[in-house]
Undergrad: 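Starting off with a structure, shown below.
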Amino acid sequence: MNKIGERLYNGLIKENPTFVLALGMCPTLAVTTSAMNGLGMGLTTTAVLVLSNLIISILRKVIPNRVRIPAFIVIVASFVTMVQLLLQAYLPSLNDALGVYIPLIVVNCIILGRAESYAYHNKPIASFFDGLGMGLGFSVALTLIGALREILGVGTVFGYKITPDSYVPINIFVLAPGAFFVLAFVTAIMNAVKSSMEKRGKNVSKFGTGCTDDCSKCGKKGCEHRFYDSEASAENPNRKKADEAKKDNANGKEDK
Amino acid sequence: MADMSSVKGLLILLVGSSLVSNVVLSQFLGLCPFLGVSKKIKTAAGMGAAVIFVITLASAVAGVVYKFILVPLNITYLQTIVFILVIAALVQFVEMFLKKAMPSLYKALGVYLPLITTNCAVLGVALTNVQKNYGIGTGILNGFATALGFTIAIVILAGLREKMEYNNVPKPFKGMPTVLLTAGLMAIAFCGFSGLL
């Protein structure tokens, strides 16, 4: 029971995929034109994440290490297709609003990242709640960003007008440039939080860099390193072995 | 969409996909390499070239697979799974082929190729081609134009980042936030292209 709570807290706050790990930025920017779209995308991703984490965890002893990435992709893609068909059938308006970003959940690095760093090394129930925590953390982040953009850009939240009539909406915030501006300020706030935590002597190694480092040089760790759950690795000698094998291969290309 | 068979229609598609609805700045696809490999103009251009190469090839292969395998077998609902596997295999294959046959080109593009597999722009283009009912030829052109747009955007961003590397910005805004603000300003500029069509 304690483990479940810990996993949920981990995903929602401690390792929030958007605010702390800075993963999955494409959908974060693209679909947060309104709070509703953000919530819809977040919950859709949560559904896929929970189910894929569960199945990958159940199959973790069956999937060989060498072909695990393609196996993960097939599992994730199957769930994405199922969720997409369900949305088309029952929530067509949400499906239209999110468009091509639903099938693109397949390449959302949060999902593959959790499969790789947690579900592949942990028991099904813990993985299930890890997915749930991460998914909810993602949903909360997307809803917050969506609400912020909706307030600034249209003056409403979930379609309800909350700003006084004298407020003139800044239309650009619901357009593409607004997404970049909002995310820039969110990241700046997280940087400030990070440096103040550093001053108080707290561990900030979990904070993602948001990929401003040169990607071409992070074959060994870098991006994949950020998926890394230090706790999971301590529990799992397998993880270390896999990691060492990866280090031998300078670019880690055999995974792809 | 305009009549695709005419030259004018194709030109409109080319401008529309590369500038007006720019893949990074208005559709937010391929954001990770856009932010991650844009520190220097040289690497940015290399990445752009690799993306043009892979996306054009991937939209051709995905188009063929869709038309001659998925549609006849009536399993178009499997498109997401099939496309992602086809793209991953294609990138791997291209990498092996270049390594053997064209070592000089491999040297130039090689480091970027593995990064492209998980680039959502590749899958995004393949899915958009299907969604908009483009034929194979139009799909290839759309893929090329989209990738061209990516290259234009990433090279411009790299140029701007080289210029402002030593600028004095407030500490929390160092790194990613400044890059995002720059990208936002670029996105405003690219909004201006919508008047072209």
Side-chain angles (χ1 to χ4, degrees), chain A residues 22 25-31 69-70 73-74 76-78 80-81 84-85 99-109 112 172 175-195 209-219 223 251-253 255-256, chain B residues 22 25-33 35-37 39-40 43 46-47 77-85 88-89 91-92 95 110-115 117-124 127-128 131 170-188 190-191:
Chain A
M25 283 302 156
C26 299
T28 308
L29 288 173
V31 299
I69 302 277
I73 289 178
V74 173
V76 174
S78 321
V80 169
T81 308
Q84 189 188 7
L85 292 175
V100 78
Y101 296 99
I102 301 249
L104 285 177
I105 293 176
V106 179
V107 281
N108 188 330
C109 24
L112 272 188
I172 200 152
L175 300 176
F180 285 110
F181 293 144
V182 170
L183 190 68
F185 277 90
V186 168
T187 325
I189 292 169
M190 287 319 292
N191 280 348
V193 170
K194 184 184 168 189
S195 58
T209 56
C211 242
T212 36
D213 302 324
D214 198 334
C215 271
S216 53
K217 285 180 191 129
C218 74
C223 291
N251 293 319
K253 280 173 199 161
D255 298 337
K256 300 278 151 58
Chain B
N22 185 280
L25 296 172
S26 86
Q27 297 183 59
F28 307 107
L29 299 178
L31 213 57
C32 291
L35 300 173
V37 201
K39 259 195 174 156
K40 294 212 170 63
T43 49
M47 185 72 193
Y77 59 90
L78 287 180
Q79 48 169 293
T80 312
I81 306 177
V82 172
F83 284 175
I84 185 85
L85 291 178
V91 173
Q92 188 83 73
E95 202 185 328
V111 285
Y112 307 108
L113 287 174
L115 297 174
T117 322
T118 49
N119 183 341
C120 44
V122 188
L123 184 61
L127 290 168
T128 316
Q131 229 169 41
K171 204 182 159 231
F173 277 90
K174 277 215 169 91
M176 171 104 143
T178 325
V179 178
L180 285 169
L181 285 177
T182 317
L185 293 173
M186 279 172 66
I188 294 182
F190 271 69
C191 280

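Chain identifiers are assigned alphabetically (A, B, ...) following the order of the sequence lines, protein sequences preceding nucleic acid strands; residue numbering begins at 1 within each chain. All values reported here derive from a predicted model rather than from experimental measurement. Because only heavy atoms are used, hydrogens play no part in the values below, and waters and symmetry mates are left out as well, while side chains stay in.
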Undergrad: Considering all heavy atoms of both residues, which atom of A:A30 and which atom of B:Q27 are nearest to each other, and what is their separation?
TA: CB-O, 4.1 Å
Undergrad: Could you report the tightest heavy-atom contact between B:G184 and A:P177, atom names first, then the distance?
TA: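 Where B:G184 meets A:P177 most closely, the heavy atoms are O-CB, 3.5 Å.
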Undergrad: Which atoms of B:Q79 are under 4.5 Å from chain A, going by heavy atoms: the side chain, the backbone, both sets, or neither?
TA: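 Looking at B:Q79, nothing touches chain A.
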Undergrad: B:I188 versus chain A, heavy atoms under 4.5 Å apart: side chain, backbone, both or neither?
TA: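 Contact with chain A involves both backbone and side-chain atoms of B:I188.
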Undergrad: Of all the heavy-atom pairs spanning B:F173 and A:A184, show the shortest one and how long it is.
TA: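 Minimum heavy-atom contact is CE2-O, 4.4 Å.
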Undergrad: Is it the backbone or the side chain of A:I189 that comes under 4.5 Å from a heavy atom of chain B, or both, or neither?
TA: neither
Undergrad: CG of B:L180 to OG1 of A:T187: how many Å apart, nearest 0.5 Å?
TA: 5.0 Å
Undergrad: Of the backbone (N, CA, C, O) and the side chain (C-beta and beyond), which part of A:V100 lies under 4.5 Å from a heavy atom of chain B, both, or neither?
TA: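 For A:V100, backbone and side chain are both near chain B.
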Undergrad: About how many Å separate CZ of A:F185 and CG of B:L181, when rounded to the nearest 0.5 Å?
TA: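 Here the rounded value is 5.5 Å.
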Undergrad: Answer with side chain, backbone, both or neither: which region of B:K174 has an atom nearer than 4.5 Å to a non-hydrogen atom of chain A?
TA: backbone
Undergrad: Once you round to the nearest 0.5 Å, how far does CG of B:L127 lie from OH of A:Y101?
TA: 11.5 Å
Undergrad: Identify the two heavy atoms, one from B:G124 and one from A:L104, that lie closest to each other, and give their separation to 0.1 Å.
TA: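 That closest heavy-atom pairing would be N-CD2, 3.8 Å.
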Undergrad: Tell me, for A:T81 versus chain B, whether the close heavy atoms (under 4.5 Å) come from the side chain, the backbone, both or neither.
TA: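 Side chain only.
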Undergrad: Below 4.5 Å, heavy atoms only, C-beta onward: do B:L185 and A:F181 meet side chain to side chain?
TA: yes
Undergrad: Rounded to the nearest 0.5 Å, how far apart are CE of B:M176 and CG of A:L183?
TA: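 It is 5.0 Å, given to the nearest 0.5 Å.
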Undergrad: Measure the spacing between CD1 of B:I81 and CD1 of A:I73 and express it to the nearest 0.5 Å.
TA: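 Rounded to the nearest 0.5 Å, the CD1-CD1 separation comes to 11.5 Å.
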Undergrad: Do B:T182 and A:F180 pass the side chain to side chain contact (heavy atoms under 4.5 Å, CB included) test, and can you show the C-alpha distance, the side-chain angles, and the key distance before you say yes or no?
TA: CA-CA 9 Å; B:T182 317; A:F180 285 110; over 6 Å; no
Undergrad: For residues A:N191 and B:P172, report the shortest heavy-atom separation together with the two atoms involved.
TA: ND2-O, 2.9 Å
Undergrad: Nearest 0.5 Å, please: how far is CG in A:L175 from OG in B:S26?
TA: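 Nearest 0.5 Å value for the OG-CG distance: 10.5 Å.
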Undergrad: What is the minimum heavy-atom distance between A:A77 and B:I84, and which atoms define it?
TA: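 Of all heavy-atom pairs spanning A:A77 and B:I84, the closest is CB-CG2, 4.4 Å.
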